[in-house]
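To start, the structure itself, in structure tokens.
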Number of protein chains: 2
Amino acid sequence: MATRSTPAKAAAKISSAAENEAGTRERIFREAERLFARNGFDRVSMRDLTLAAGVNLAAVNYHYGSKDGLLLAIFRRRATELNRERAQLLQQVTEGDAQPAVRAILAALITPATRWISDERRISLQFLIRARSEGNAEIRAILYHDVSHLRRFVDALQRALPALSRREVVWRLHFTLAVLHHNSAADYERLRTLSDGACTPDDREGLLARLLDYTSAGFCTGA
Amino acid sequence: MATRSTPAKAAAKISSAAENEAGTRERIFREAERLFARNGFDRVSMRDLTLAAGVNLAAVNYHYGSKDGLLLAIFRRRATELNRERAQLLQQVTEGDAQPAVRAILAALITPATRWISDERRISLQFLIRARSEGNAEIRAILYHDVSHLRRFVDALQRALPALSRREVVWRLHFTLAVLHHNSAADYERLRTLSDGACTPDDREGLLARLLDYTSAGFCTGA
DNA sequence: GTCTATACAATGATAGAC
DNA sequence: GTCTATCATTGTATAGAC
């Protein structure tokens, strides 16, 4: 963790201009997230990035070890934030109702992302979507090793669907996550083309309702 | 298209050893598909590839224009083959029965990929899965511009579900394609972890049945 | 501890000889 | 059609200033 070495330096930071306010480490973080989200990981070179952030070329390696390390740091922070929101919503649903409906549980899984799209965290969500599909082996390792937040969803779903075995619940959650992660620009572009412009993701409420209709039905079939 | 310049050259080809049988262009194609499927596009350098194929470094650029052009050429050929199999199966289903069930239509969409996994085209399918997620902007452009084969599925599904508007049919096909394309090694690794080893894609028949259960239910809900 | 300037090996691409 | 030599660009490593 970077610590401020002297009081004088901290004071200098406070009195500096607004855009230069954040430290080098954080400026790299913000600019990288923005550029990666917009252009993709591979299409942003270290020279592009450090120039845009107004820092030296070597600063990324100093603060994050490597370009991959930077990607990983951004991914960790944002993924943790999103998973925490999901966990909070799930807790609200399960503690109020002893046996919540499948649809309510799935809503806790889906709605945080739709919230982010609507506020200033849109860039962070775009970054996460890209990192999920373009990320390197380390990103993928996190994606499938860090499943603790998903286990809570499996538990809740199994309580809601006692007729299904735990194995079937996990299979259907696997399919449901596929639907939720199918959010790249290319996916929606094909949707628009295939529907001759009739289907767009702009209608957030309609999209959420359709997602819940489809995934709930898939989950509850035969149970 | 590369043409043989002299009869003598063609004769020399026929008499050559089996592994050196294919022309330079095709040898590059085969070795590239194999290496890209196994290691990913970015992790195979032009020097790795040309060394493995036993051709000169500059041969890829001569025959395919660029590394991206080579990726694109492989993708085009394999995607066309897969879509053709899907179209043939769909035609068999629709011409035999005036009003086929949704499940039968979706089976025509899903089963070609499961066939490829079981025979020597496994590498080609692995390549397609990788290209879909790791591919560049040109790959994505093909993915969402070339939707003619999907339109036939929309038509068939709408006939099977007259209560749904065409718009809703396209939305649900969009979700269904998400489930079908959620096939990367990382996806299955997470599934295995989350289920403590209980869920694996090894049981092809079971996987196909689960896919059809889930997607059919999502398609037919409310109709 | 932080930041800078600079050098380095590896990559995809290309020109021109044969 | 094929090959050699060479190019600009990439991510990374390091020595040294402050």
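No experiment lies behind these values; they were computed from the predicted model shown. Just so it is clear: chains get the letters A, B, ... in the order the sequence lines come, proteins before strands, and each one is counted from 1.
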Would you tabulate the nitrogen or oxygen pairs shorter than 3.5 Å linking the protein to nucleotides 13-18 of chain C?
from, atom 1, to, atom 2, distance (Å)
C:dA13, OP2, B:K67, N, 2.9

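- The backbone N or O of B:A79 sits less than 3.5 Å from a side-chain atom of B:N83, completing a donor-acceptor pair.
- Atom CG in B:L51 sits about 15 Å away from atom P in C:dA10, given to the nearest Å.
- B:R122 CZ: 12 or fewer foreign heavy atoms inside a 6.0 Å radius.
- Taking the six-membered ring where the residue is Trp, A:F41 and A:F36 present perpendicular rings, their angle passing 60° and hence far from 30°.
- Within residues 30-44 of chain A, no residue is approached by DNA chain C to less than 4.0 Å at the level of any non-hydrogen atom.
- An OP1 or OP2 oxygen of D:dG1 is reached within less than 4.0 angstrom by no side-chain nitrogen or oxygen of B:N56.
- Residues in residues 179-201 of chain A take part in these ring pair (Phe, Tyr, Trp, His ring centres under 6.0 Å) pairs, two or more places apart or across chains: A:H182-B:H174, A:Y188-B:H174.
- Within the structure, salt bridge (Lys or Arg N to Asp or Glu O under 4.0 Å) contacts touching residues 134-143 of chain B (residues at least two apart or in different chains) are A:E134-B:R140, A:R140-B:E134, B:R130-B:E134.
- Partners of B:S124 according to the side-chain hydrogen bond (donor to acceptor under 3.5 Å, both in side chains) rule, which considers only residues two or more places apart in sequence or in another chain, are B:E33, B:R78.
- Relative orientation of the B:Y214 and A:F219 rings is perpendicular, given thresholds of 30° and 60° on the angle between their planes.
- Atom P of nucleotide C:dT11 and atom CG of B:D48 are separated by 7 Å, given to the nearest angstrom.
- When the P atom of C:dC3 is taken as reference, atom CD of A:E26 falls 13 Å away, rounded to whole Å.
- Contact between the side-chain N/O atoms of A:T24 and the OP1/OP2 oxygens of C:dT2 is not found at any separation under 4.0 Å.
- Considering only residues two or more places apart in sequence or on other chains, A:H145 meets the side-chain hydrogen bond (donor to acceptor under 3.5 Å, both in side chains) condition with none of them.
- For B:H63 and D:dG1, the NE2 to P distance is 6 Å, given to the nearest whole Å.
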